[in-house]
Participant: 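Dumping the structure here so I can ask a few things about it.
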Amino acid sequence: MLLAPLVTCLLIAVPDLLFDRVPPLITLLLIGPLLACARLGVRHTVLVCCWSAVLGLAMGIGDDAVPSTGFGIRWGGLLVGCALTVYAARQRDRLHDRLARAHEVARVTQTAILRPISRTFDGTRVCTRYHSASHESAVGGDLYDVAVTPYGLRVLVGDVRGHGVEGLRLSAADTITAFRELAYTSPDLTTLTTGLDALLTPELGPEDFVTAVLAEFAPGEVRLVNCGHPPPLRSGRRIELLEPLVTSPPLGLGPDPRQYHVRLQPGDRLLLYTDGLTEARDAEGAPFPLLGEAALALREALPDEALRALHARLLAHTGTALADDLALVLCQPTEATVPAPVP
């Protein structure tokens with residue numbers, strides 16, 4: 001990287017040093033420092049500037065123009081230009097450091113808001129995987145959270161829909177905050193959903209909403225509330241989508257939450273996900289075959305490996321990086337017990 005601007009300056013100076021009749025090219029020596037400040041750091045830029053200044057002085061001596069006013073103006077202009085390139089390189093380094101700190105803040109924010117999970121809660125193994133389509137931040141509009149409450153393990157997976165990447169991030173954080181506030185005191189999922197809607201609606205824009213699915217694990221079953229979100233997938237003796245009997249609008253659009261129950265046999269797994277999984281397309285526009293690919297990926301013995309395999313199959317299908325946010329939460333009860341009575 002350093003060699004390119006040095007060689008560029010030398011190629012500019014050589015014709016003037018070898019042939020006296022070549023017009024003065026000293027001003028063009030500024031090309032080297034400009035190349036250096038665009039790609040290199042301050043120290044390398046200073047080195048290239050010194051090299052340009054020495055070559056410019058050598059060109060003036062070779063042409064017997066050093067005492068002249070014209071050479072002094074051109075060489076002085078070269079020095080001023082070199083000083084400006086050093087300043088530009090310093091500002092670029094500062095901007096790079098600020099960007100690196102911003103990325104670190106985003107990473108810490110993701111860990112606080114969307115904490116990676118791979119552990120057992122109240123008899124259920126929970127593993128997560130998250131991908132943000134935004135290059136500027138590790139947090140997007142998809143969200144998930146887990147809470148161990150007096151009513152059992154509760155899981156939230158949602159997707160904020162609206163305008164503006166920053167607005168999506170803030171709404172995702174607001175949704176998780178509201179879930180953490182209400183999950184421990186709401187006696188059932190319908191009450192929890194109604195409370196979430198009441199807290200989020202004033203914070204959402206007129207065209208914004210949050211699709212969400214909430215799960216509550218009990219011995220031998222899972223209780224679900226779905227508000228306009230892709231249906232969970234149950235994998236066990238057979239693989240199927242757990243569609244709600246009555247559809248409900250998303251949060252922020254006046255949901256009518258209805259709780260439904262699904263039995264979980266020993267070895268069953270429940271996959272909660274966002275539409276980054278179902279809406280992924282290959283180069284020809286074909287959607288991701290969720291049931292078939294999930295049936296193969298979820299055969300992996302460990303839940304973490306199953307999620308990793310599913311994500312790998314998704315990338316193989318699209319052939320490129322994912323264009324949408326993606327949240328995956330895989331839950332597997334580790335204790336085989338009879339279903340609890342529904343209060």
Side-chain angles (χ1 to χ4, degrees), residues 140-147 151-163 168 171-172 174-176 178-179 182-183 186-218 221-236 238-264 268-281 287-294 324-331 339 342-343:
D142 290 3
L143 59 102
Y144 64 82
D145 201 18
V146 174
Y151 311 98
L153 173 67
R154 288 176 172 174
V155 179
L156 165 70
V157 174
D159 185 359
V160 180
R161 302 297 183 90
H163 298 85
L168 296 182
S171 298
D174 290 340
T175 305
I176 293 176
F179 174 75
L182 299 173
S186 301
D188 53 63
L189 292 184
T190 55
T191 304
L192 173 57
T193 304
T194 303
L196 287 175
D197 180 68
L199 289 178
L200 291 176
T201 299
E203 304 298 329
L204 297 173
E207 299 181 4
D208 299 344
F209 59 90
V210 182
T211 68
V213 60
L214 294 102
E216 180 181 274
F217 289 87
E221 70 174 13
V222 61
R223 302 157 189 163
L224 298 168
V225 167
N226 194 324
C227 296
H229 199 77
L233 183 148
R234 180 176 60 181
S235 172
R238 62 176 182 173
I239 190 164
E240 60 181 334
L241 295 175
L242 305 178
E243 298 276 2
L245 297 178
V246 180
T247 59
S248 171
L251 302 176
L253 298 180
D256 182 21
R258 305 290 182 88
Q259 181 173 281
Y260 60 105
H261 306 254
V262 176
R263 294 288 182 88
L264 293 179
D268 283 356
R269 289 174 172 176
L270 185 71
L271 177 67
L272 309 175
Y273 54 92
T274 55
D275 60 6
L277 186 64
T278 55
E279 295 183 359
R281 299 289 190 270
F288 181 65
L290 175 59
L291 291 179
E293 295 290 354
D324 195 5
D325 297 333
L326 174 65
L328 300 173
V329 179
L330 184 60
C331 306
V342 178

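Keep in mind that this is a model prediction, so the values were computed, not measured. All values below were derived from every heavy atom in this structure, side-chain atoms included, with hydrogens, water molecules and symmetry-related copies excluded.
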Participant: Identify whether the distance between the nearest side-chain nitrogen and carboxylate oxygen of Glu279 and Arg281 falls below 4.0 Å.
Facilitator: no

Participant: Could you pull out the closest heavy-atom pair between His229 and Tyr273, with the gap in Å?
Facilitator: NE2-O, 2.7 Å

Participant: Please report the C-alpha distance between Leu264 and Glu221 in whole Å, then the side-chain angles of each, then the deciding distance to 0.1 Å, and finally whether the side-chain contact (heavy atoms from CB on, under 4.5 Å) criterion is met.
Facilitator: CA-CA 5 Å; Leu264 293 179; Glu221 70 174 13; 5.5 Å; no

Participant: Check step by step if side-chain contact (heavy atoms from CB on, under 4.5 Å) holds for Phe209 and Leu200.
Facilitator: CA-CA 9 Å; Phe209 59 90; Leu200 291 176; over 6 Å; no

Participant: Which pair of non-hydrogen atoms, one from Phe179 and one from Leu196, has the smallest distance, and what is that distance?
Facilitator: N-CD2, 3.5 Å

Participant: Taking all atoms of both residues into account, what is the closest heavy-atom pair of Ala327 and Tyr144, and its distance?
Facilitator: CB-CD2, 4.2 Å

Participant: Let's go through Leu326 and Leu277 carefully: what are the C-alpha distance in whole Å and the side-chain angles of both, what is the deciding distance for side-chain contact (heavy atoms from CB on, under 4.5 Å) to 0.1 Å, and is it a yes or a no?
Facilitator: CA-CA 7 Å; Leu326 174 65; Leu277 186 64; 3.8 Å; yes

Participant: Go through the structure and list residues passing ring pair (Phe, Tyr, Trp, His ring centres under 6.0 Å) with Tyr151, not counting sequence neighbours.
Facilitator: none

Participant: Do Leu192 and Leu189 make a side-chain contact, defined as non-hydrogen atoms from C-beta onward lying under 4.5 Å apart?
Facilitator: yes

Participant: Is there side-chain contact between Val213 and Cys227, with heavy atoms separated by less than 4.5 Å?
Facilitator: no

Participant: I want to check something: taking the side chain as every heavy atom from C-beta on, are Leu153 and Glu216 in contact at a cut-off of under 4.5 Å?
Facilitator: no

Participant: Can you tell which of Thr175, Asp159, Asp174 makes a side-chain contact (heavy atoms from CB on, under 4.5 Å) with Val210?
Facilitator: Thr175

Participant: Between the side chains of Thr191 and Asp188, does any donor sit under 3.5 Å from an acceptor?
Facilitator: yes

Participant: What are the two closest non-hydrogen atoms of Arg223 and Ala218, and how far apart are they?
Facilitator: NH2-CB, 3.6 Å

Participant: State, with a plain yes or no, whether a side-chain heavy atom of Val155 is found less than 4.5 Å away from one of Cys331.
Facilitator: yes

Participant: Can you list the steps and then say if Phe288 with Glu293 is a side-chain contact (heavy atoms from CB on, under 4.5 Å)?
Facilitator: CA-CA 8 Å; Phe288 181 65; Glu293 295 290 354; 3.4 Å; yes

Participant: Taking Asp197 for its side chain and Gly252 for its backbone only, find out whether a donor-acceptor pair lies under 3.5 Å.
Facilitator: yes

